[in-house]
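Here is the structure we will look at, set down as structure tokens.
The structure displayed is predicted, hence computed values, not measured ones.
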Amino acid sequence: QSAALDVLVRHCSSRFIATLNYDLSVERTAKRLGLPVRSLTCSPEGLREAHDTLRRGPCENDPLTILHFHGIATEPATIVLDSQGYEGLVTSAHATNVLYALVYFRTLLFLGTTLNEEYFVAELQRRPGRGPHVLLCTEAERPDLTCGRLALSLERHGIHIGTVDQHDDLPAVLRSL
């Protein structure tokens, strides 16, 4: 997965990555590749800055912006773990603005997620956006994504689910996008 992250970070033309992970692996990868980076969290200030960045669009000299929607492990006060934290996130006007900008004005690429965040899936369903968005997973992971309570589909959510045989195949697929 490190090779896939290298490709993603190196070729991210939007200069913006939103992640649901708590760790700083994207930042570490960017720094290892010699790329300037800034981290944002779901704090009101971080979400305002993320929204401004998304609205403006990428500029050549911008650092790679990484928005941690669920917080950062090294900043415990930012972590969203329980129902109270999720409630605060989904009722935040700032978070809604960022989700809207992401879903409606950007093409999203989902990697390494089952996308079981109800608020995100609901936003995709409400606003299919310019999509289609893309979720890459292994063929073995696909049934968990397309069946059940939050079953994802192109028709309902604007998400095309692309598959690879194994995670090691992701870098080649990412290079082809």
Side-chain angles (χ1 to χ4, degrees), residues 1-75 78-80 89-90 92-115 117 119-121 123-124 126-137 152 157-162 164 167 169-177:
Q1 293 220 341
S2 176
L5 193 52
D6 281 6
V7 173
L8 177 66
V9 167
R10 189 182 312 272
H11 299 289
C12 183
S13 62
S14 70
R15 314 283 310 136
F16 193 97
I17 294 175
T19 181
L20 305 175
N21 293 339
Y22 304 111
D23 66 37
L24 298 172
S25 57
V26 179
E27 286 88 342
R28 283 192 301 273
T29 299
K31 287 177 183 174
R32 185 173 43 75
L33 295 172
L35 300 171
V37 63
R38 73 177 169 162
S39 301
L40 302 175
T41 66
C42 56
S43 69
E45 301 78 28
L47 291 168
R48 263 195 306 274
E49 193 172 336
H51 186 246
D52 289 346
T53 300
L54 288 166
R55 229 182 31 217
R56 175 177 46 81
C59 294
E60 186 178 332
N61 295 324
D62 280 353
L64 177 64
T65 298
I66 298 141
L67 172 62
H68 290 266
F69 247 100
H70 294 168
I72 298 175
T74 57
E75 298 178 33
T78 67
I79 294 179
V80 175
L89 185 60
V90 300
S92 160
H94 300 300
T96 301
N97 288 339
V98 170
L99 278 175
Y100 178 82
L102 285 169
V103 170
Y104 196 73
F105 296 110
R106 301 295 174 116
T107 300
L108 303 175
L109 171 63
F110 298 98
L111 289 173
T113 181
T114 56
L115 203 56
E117 284 74 16
Y119 69 93
F120 213 110
V121 173
E123 190 68 25
L124 287 163
R126 255 192 309 278
R127 297 182 180 95
R130 69 180 212 183
H133 305 298
V134 176
L135 188 148
L136 292 176
C137 63
L152 301 174
H157 306 100
I159 296 179
H160 170 76
I161 298 176
V164 294
H167 288 119
D169 297 333
L170 284 172
V173 172
L174 290 171
R175 281 187 204 95
S176 71
L177 295 178

Task: Gap between atom CD1 of Ile17 and atom CG of Leu109 - 0.5 Å precision - done: 9.5 Å

Task: Any donor-acceptor N/O pair, Arg106 side chain to Leu54 backbone, under 3.5 Å - done: yes

TODO: Please check if the side chain of Tyr22 supplies one atom and the backbone of Val80 the other of a donor-acceptor pair under 3.5 Å.
DONE: yes

Task: Side-chain heavy-atom pair Pro63, Val37 within 4.5 angstrom cut-off - done: no

Task: Parallel, tilted or perpendicular: rings of Phe120 and Phe110 (30°, 60°) - done: perpendicular

Open item on the list: So, taking the atom named CG in Asp62 and the one named CZ in Phe16, what distance separates them when rounded to the nearest 0.5 Å?
Closed with: 11.0 Å

- [ ] State the CD1-NE2 distance between Ile159 and His133, to the nearest 0.5 angstrom.
- [x] 7.0 Å

Task: Arg15 atom CZ: more than 12 heavy-atom contacts under 6.0 Å - done: yes

- [ ] Could you grab the distance from atom CD1 of Ile161 to atom CG of Leu136, nearest 0.5 Å is fine?
- [x] 10.0 Å

TODO: Examine distances only and state if a side-chain atom of His11 and a backbone atom of Arg175 form a donor-acceptor pair shorter than 3.5 Å.
DONE: no

- [ ] Supply the atom-to-atom distance Ile66 CD1 to Arg38 CZ, rounded to the nearest 0.5 angstrom.
- [x] 10.0 Å

Task: Pairs involving residues 24-36, ordered by first then second residue, that meet side chain to side chain donor-acceptor pair (under 3.5 Å) (sequence neighbours left out) - done: Asp6-Arg32, Asp23-Ser25, Glu27-Ser39, Glu27-His68

